[in-house]
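Reckoned from all heavy atoms, side chains included, excluding hydrogens, waters and symmetry mates. We count ligands from 1, going down the list as the structure has it; atoms in each ligand are counted the same way.
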Amino acid sequence: MRIIYKKSWEIKENTITDEGVYQKRREILKTMPLGFLSLGMGMQGIFAEENITELVFNEKKYSFIKNINYLQEELTPFEKASTYNNFYEFGMQKDDPYYRAKILKTSPWDLVIDGEVEKPLKISLEKILQSMPLEERVYRFRCVEAWSMIIPWIGFEFNKLLKLAKPTSQAKYVIFETLKQDDMPAVKNPFLAANIPFPYVEGLRIDEAMHPLCILAVGMYGRKLPNQNGAPLRLVVPWKYGFKNIKSIVRITLSKTQPLSTWQRLAGDEYGFYANVNPDVAHPRWSQASERFIGEGYRPTRIKTQIFNGYGDEVARLYANMDLEKNF
Ligand SMILES: Nc1nc2c(c(=O)[nH]1)N[C@H]1C(S)=C(S)[C@@H](COP(=O)(O)O)O[C@H]1N2
Ligand SMILES: [Mo]
């Protein structure tokens, strides 16, 4: 992947005045491996003023950098990405989450990491926001229903958080679990969402989870995540179908064995564990060769689906000796 750093002499130090940004820089500098500095690029490059901006959570500000290595031509408008959603805890219609997810209680928020780890953790969202290096990345997003979007997420590489818990050598899979709140419409009335068993559960192989493209998002479009998009913390695995991107995560468990994810449990012949975007492997009821891109226009544009959603150069090696038809 192309990495662009501004030369240190292109940065005017005195243009960076904000205290929070300054603190964050110092924190990151402290954790930088020495080798990085010896590349001669200097840290300043990443922190060009125009690339730093802030996310506001409970009246506190957290700075993030815009990672320009993931620029894409056309973004899906925020108005579409935040009103056309799948979040079945709130119902099956695309606008149910927008209207109903207001009741989601996102503060205080704790995340538990347990199972096959040396250091089980319970960490608050606030602590996560303070300690993880936040950045904006623009990713393609492809739902198994054959619609797609391009979304600027704000988040951090999941591997950075997972390392804090020190997975043991026995940890082969990562299991994620969504908050289950008694007053969620489809928890109260299972009929609303076809008797889907909640909490919603997803899983990844540990090498997939550790891949640098796999992020936990806390924001999108420069602001914190709207509830309907999985506030306050959701998974984004851009080379997989949308249903792997589990929302509102409260628990992460490392496991020796492969878990059964929610959609596998409901219809294992239609939704597999891997769920890698693949134009050549059709869903039993529809083709995956193309998708409806939801962009600016009134109507979605029909575009060709790309293998691994266009991230093949980065992730194909994870599946080198696998039959993608069998492991769909
Ligand atoms: N907890 C939970 N997470 C979930 C879902 C859900 O119903 N519940 N739906 C999934 C599906 S099918 C998709 S396509 C994406 C949609 O994310 P978005 O609404 O932010 O576009 O969330 C995924 N994560
Ligand atoms: Mo989806």
Sequence-distant partners of R302, side-chain contact (heavy atoms from CB on, under 4.5 Å), two or more places apart: S290, R292
Using the ring of Y98 (Phe, Tyr or Trp, six-membered ring only), decide whether K102 places NZ or CZ under 6.0 Å from its centre and within 45 degrees of its axis. yes
Check the side chains of Q306 and R142 for a donor-acceptor pair under 3.5 angstrom, ignoring hydrogens and angles. no
K122 backbone acceptor or donor facing D110 side chain under 3.5 Å: no
Measure from every N or O atom of ligand 1 to the protein's N or O atoms and keep only the pairs below 3.5 Å, writing each with atom names and distance to 0.1 Å.
| residue | atom | partner | partner atom | Å |
| --- | --- | --- | --- | --- |
| ligand 1 | 1 (N) | E89 | OE2 | 2.9 |
| ligand 1 | 1 (N) | T178 | OG1 | 2.9 |
| ligand 1 | 3 (N) | K247 | N | 3.2 |
| ligand 1 | 7 (O) | Y88 | N | 2.7 |
| ligand 1 | 8 (N) | E89 | OE1 | 2.9 |
| ligand 1 | 9 (N) | N86 | O | 3.3 |
| ligand 1 | 17 (O) | R234 | NH2 | 3.1 |
| ligand 1 | 17 (O) | K247 | NZ | 3.4 |
| ligand 1 | 19 (O) | N85 | ND2 | 2.8 |
| ligand 1 | 19 (O) | N86 | N | 3.4 |
| ligand 1 | 19 (O) | K247 | NZ | 2.7 |
| ligand 1 | 20 (O) | N229 | ND2 | 3.0 |
| ligand 1 | 20 (O) | R234 | NH1 | 3.0 |
| ligand 1 | 24 (N) | N245 | O | 3.0 |

I'd like to know if V218 and V56 are part of one continuous hydrophobic network [Ile/Leu/Val/Met/Phe/Trp/Tyr, side-chain heavy atoms within less than 4.5 Å]. no
Ring of F198, cation from K180 - is the NZ or CZ under 6.0 Å from the centre and inside 45° of the axis? no
